[in-house]
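We use all heavy atoms of the structure for the numbers below, so side chains are in, but hydrogens, waters and symmetry mates are not.
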Amino acid sequence: MVAGAVITAAAAEMLARLQDRHGPVMFHQSGGCCDGSSPMCYPRGDFIVGDRDVLLGVLDVGDGVPVWISGPQYETWKHTQLVIDVVPGRGGGFSLEAPEGVRFLSRGRVFTDDEQAELRRTPAITGADYERGERPCVRGQVVTDPALRTCPPGR
């Protein structure tokens with residue numbers, strides 16, 4: 001099974017440090033204008049996941065890090081694997097990495113035809129499903145060379 005979200009090694013290292021400092025965390029892939037559509041990192045429970053939000057996956061970092069996206073935004077991007085990276089700079093003011101002088105960044109990799117077919121056979125897990133105890137059967141791995149598989153950020 002293919003994961004809807006993965007994380008680079010550098011981002012996983014930052015995420016592990018944030019978990020040490022803040023405890024369990026989660027991501028929500030923002031679609032808003034103010035934060036540049038960044039993956040926002042919050043202490044788990046500080047961001048209310050909506051019933052129609054979609055779980056892209058659980059990253060294999062620490063005890064697992066859920067990655068959420070709004071339902072309408074998922075419909076637009078469901079053909080794309082989210083690759084969470086970290087770059088120098090200042091990100092969204094509410095995201096946990098902001099004081100560290102770095103920001104998490106979303107990169108995308110278009111799923112292959114076979115991966116898209118597999119994803120169509122597996123229903124998405126919504127916030128309501130998650131509350132009922134549903135979990136994905138695969139974790140998003142730490143990837144070591146995302147530059148070979150993703151689109152670079154815009155300049």
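Annotation for Ser95 and Pro39: closest pair OG-O, 4.1 Å, computed over non-hydrogen atoms. Here the closest non-hydrogen pair linking Val58 and Pro136 is CG2-CG, 3.8 Å. Across Pro99 and Leu96, no two heavy atoms sit closer than the pair CD-O, 3.3 Å.
Here the CD-CZ distance, from Gln19 to Arg44, works out to 7.5 Å after rounding to the nearest 0.5 Å. In this structure, the separation between CG on Leu56 and CZ on Phe27 is 11.5 Å, given to the nearest 0.5 Å. Interatomic distance, Arg109 CZ to Gln81 CD, rounded to the nearest 0.5 Å: 4.0 Å. How far CD1 of Ile69 is from CG of Leu55: 11.0 Å, rounded to the nearest 0.5 Å. Here the SG atom belonging to Cys41 is positioned 13.0 Å from the NE2 atom belonging to His28, to the nearest 0.5 angstrom. We find the CD-CD distance between Gln29 and Gln73 to be 5.5 Å, quoted to the nearest 0.5 Å.
Linking Ile, Leu, Val, Met, Phe, Trp and Tyr whenever their side-chain heavy atoms come within less than 4.5 Å leaves Leu59 and Val2 in two separate clusters. Residues Val142 and Phe104 share a hydrophobic cluster, clusters being chains of Ile/Leu/Val/Met/Phe/Trp/Tyr side chains in contact below 4.5 Å. The same ILVMFWY cluster, assembled from side-chain heavy atoms under 4.5 Å apart, contains both Val102 and Val25. Under the 4.5 Å side-chain contact rule for hydrophobic residues, Val138 and Phe111 do not share a cluster.
Salt bridge status for Asp20 with Arg17: absent, with no side-chain N to carboxylate O gap under 4.0 Å.
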Steps toward side chain to side chain contact (heavy atoms under 4.5 Å, CB included) verdict (Glu75, Val54):
CA-CA 10 Å; Glu75 286 304 315; Val54 173; over 6 Å; no
List the steps and the verdict of side chain to side chain contact (heavy atoms under 4.5 Å, CB included) for Tyr130 and Val49.
CA-CA 10 Å; Tyr130 195 82; Val49 174; over 6 Å; no
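With a 4.5 Å cut-off on side-chain heavy atoms, Val86 and Glu13 do not count as touching. Between His79 and Leu119 the shortest side-chain heavy-atom distance does not fall below 4.5 Å.
Between Tyr42 and Phe47, the ring-plane angle classifies as parallel under the 30° and 60° cut-offs.
A donor-acceptor pair is defined here as one N or O able to donate and one able to accept, closer than 3.5 Å; such a pair exists between the side chain of Glu115 and the backbone of Thr112.
The number of heavy atoms from other shown groups lying within 6.0 Å of CZ (Arg52) does not exceed 12.
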